[in-house]
*Asks:* 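Starting off with a structure, shown below.
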Protein chains: 2
Amino acid sequence: MNEIKTNSSRPSKYVCYKLSRVMRKVHRYYESSFSQYGITPAQFYVLSAVWENDGVKFKDLAKSLEMDGSTLTSILDRLERQDLLERRDDPEDRRSLLVFLTKKAKQSIVEITCLAEKLNQEIKERFSEEEYATFERVLEKLSQE
Amino acid sequence: MNEIKTNSSRPSKYVCYKLSRVMRKVHRYYESSFSQYGITPAQFYVLSAVWENDGVKFKDLAKSLEMDGSTLTSILDRLERQDLLERRDDPEDRRSLLVFLTKKAKQSIVEITCLAEKLNQEIKERFSEEEYATFERVLEKLSQE
DNA sequence: TCATAATTATTTGTATACAATTAATGATAT
DNA sequence: ATATCATTAATTGTATACAAATAATTATGA
């Protein structure tokens, strides 16, 4: 009695469900490693993108991360509170603002990036090159329209 | 000037970022279709799992959906408010509770499920069988430990 | 020029997600 | 029998995510 039909549970049939389950799993994996630096995966993506293009416009940052502006505003708030980045006025457009890494962020970003690459490598290594390439190709196609 | 290095933006190198981007995209796709029924994808997963096992225990439901208990509590609150499901006391254990679909939910769940399968099929059709099978295999492996 | 439209970032409200804590209840060991 | 431990669901607090509304600024057209 009280049998639990774990495997036939319907939601697991849908890509959307599968993706969200896997995403959360991988997210937690990254999260637990990043926590030693006091940041979350999403915060790392932002730091990483700003590092690549210091002084980037808010708007371009949101676009490059494919992130909603209001989400980015929240993340910038937290990173600014941690003294990891800084908003400055855009001298060319008073509506716009520019985002810079702080000295503190520049001191740890290389190390954090190494960690991120290590985590990534660990995941990659669990699959054959061909398998993983196909996986990434499907993801890429799904992220387009 | 002000070139935007969209493609070299670092975060896009990481599986975690890619997964979250694709997940959000697919999620929005499901979401826009489900909205006609006034439910979200996550709410659909719950309804779907309860439909498969009406009267399931809260604990087993959370486990089968691999969902944190506190997240499930919130979703049940909203579904109950919409009169789509019902919590009842478990006669065998006063700590536990059982979850049931309402008449209202039973009237629309088949139709919503058809929609979900259609959306799923549309995504599947964009790839070759072999490609998609590999994709699902990688997802499956990633969702395990 | 000046009213209107468009753009930019923020704010607000809702919905997951999850860790940590709590309250109620059940199980166990002595 | 009872003190202790374990389990269950809810609550609280934080962090994405995103739509809709807002305020400030810039662009446009008559």
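A, B, ... follow the sequence lines: proteins, then strands. Residue 1 opens every chain.
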*Asks:* Kindly say whether Lys104(B) contributes a backbone atom to a donor-acceptor pair with the side chain of Asp83(B) at under 3.5 angstrom?
*Replies:* no
*Asks:* Between Ser74(A) and Leu97(B), who's closer to the 5' end of DNA chain D by nearest nucleotide?
*Replies:* Leu97(B)
*Asks:* Have a look at Arg87(B) and say if it touches a base, only the backbone sugar-phosphate, or nothing, with a 4.0 Å heavy-atom cut-off.
*Replies:* sugar-phosphate
*Asks:* Select base, sugar-phosphate, or nothing to describe what Leu72(A) touches, counting heavy atoms under 4.0 Å on all strands.
*Replies:* nothing
*Asks:* Any side-chain N or O of Ser70(B) less than 4.0 Å from the OP1 or OP2 oxygen of dA19(C)?
*Replies:* no
*Asks:* dT7(C) C1' sits how many Å from Lys63(A) NZ, rounded?
*Replies:* 14 Å
*Asks:* Whole angstrom is fine here: how far is it from CZ in Arg81(A) over to P in dT16(D)?
*Replies:*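 Distance, rounded to whole Å: 10 Å.
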*Asks:* Are Arg87(A) and Phe58(A) in a cation-pi setup, meaning NZ or CZ lies under 6.0 angstrom from the ring centre and within 45 degrees of the ring axis?
*Replies:*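 Geometry flag: not set, cation outside 6.0 Å or 45°.
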*Asks:* Return the 5'-most residue of the pair Ser20(A), Asp68(A) with respect to DNA chain C, ranking by each residue's nearest nucleotide.
*Replies:* Asp68(A)
*Asks:* Choose from dA24(D), dA6(D), dT10(C) the nucleotide whose nearest atom is closest to any side-chain atom of Thr73(A).
*Replies:* dT10(C)
*Asks:* Just how far, in rounded Å, is C1' of dA24(C) from CZ of Phe58(B)?
*Replies:*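 From Phe58(B) CZ to dA24(C) C1': 15 Å.
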*Asks:* Among dT11(D), dG26(C), dT16(D), find the nucleotide with the atom closest to the side chain of Ala42(A).
*Replies:* dT16(D)
*Asks:* State which of dC18(C), dA6(C), dT25(C) makes the closest approach to the side chain of Asp93(B).
*Replies:*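 The nucleotide sitting nearest to the side chain is dT25(C).
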*Asks:* Which part of the nucleic acid, if any, lies within contact of Thr40(A), taking any heavy atom under 4.0 Å across all strands shown: a base, the sugar-phosphate backbone alone, or nothing?
*Replies:* sugar-phosphate
*Asks:* Look at all strands and tell whether Glu31(B) reaches a base, only sugar-phosphate, or nothing, counting heavy atoms closer than 4.0 Å.
*Replies:* nothing
*Asks:* Find the distance Arg24(A):CZ to dA17(D):C1' and express it as a whole number of Å.
*Replies:* 14 Å
*Asks:* Decide, yes or no, whether a salt bridge links Asp89(A) with Arg94(A) under the criterion of side-chain N to carboxylate O below 4.0 Å.
*Replies:* no
*Asks:* Specify the residue among Pro41(A) and Arg94(A) whose closest nucleotide of DNA chain D lies further upstream toward the 5′ end.
*Replies:*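 It is Pro41(A), whose closest nucleotide lies nearer the 5' terminus.
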*Asks:* Nearest of dA17(C), dA15(D), dC18(D) to any side-chain atom of Met67(B)?
*Replies:*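 Given the options dA17(C), dA15(D), dC18(D), the side chain of Met67(B) is closest to dA17(C).
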*Asks:* OP1 or OP2 of dT14(D) sitting under 4.0 Å from any side-chain N/O of Arg78(A)?
*Replies:*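 Answer no for this pair, as no side-chain N or O of Arg78(A) is under 4.0 Å from OP1 or OP2.
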*Asks:* Distance check needed: dT14(C) P versus Ile39(B) CD1, whole Å only.
*Replies:*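 After rounding, the gap between these two atoms is 19 Å.
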*Asks:* In this structure, is the centre-to-centre distance between the rings of Tyr45(A) and Tyr14(B) below 6.0 Å?
*Replies:* no
*Asks:* Between Ser96(A) and dA9(C), is there a contact of a side-chain N or O with OP1 or OP2 at under 4.0 Å?
*Replies:*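 Ser96(A) to dA9(C) OP1/OP2: side-chain N or O found under 4.0 Å.
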*Asks:* Pick from Arg21(B), Lys25(B), Arg24(B): which one makes a side-chain hydrogen bond (donor to acceptor under 3.5 Å, both in side chains) with Glu66(A)?
*Replies:* Arg21(B)
*Asks:* In whole angstrom, give the distance that lies between atom CD of Glu66(B) and atom C1' of dT16(C).
*Replies:*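 One finds 16 Å between C1' of dT16(C) and CD of Glu66(B), rounded.
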*Asks:* Measure from NZ on Lys59(B) to P on dA10(D) and round the result to the nearest Å.
*Replies:*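 So the two atoms are 14 Å apart, to the nearest Å.
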*Asks:* Could you give the CG-to-P distance, from Asp89(A) to dT26(D), as a whole number of Å?
*Replies:*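 Rounded to the whole Å, the gap is 11 Å.
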*Asks:* Just wondering, more than 12 heavy atoms not from Gln36(A) lying within 6.0 Å of its CD?
*Replies:*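 Yes, because the 6.0 Å sphere around CD of Gln36(A) holds more than 12 heavy atoms from other groups.
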*Asks:* Among dA10(D), dA19(D), dC18(C), which is the nearest nucleotide to the side chain of Arg28(A)?
*Replies:* dC18(C)
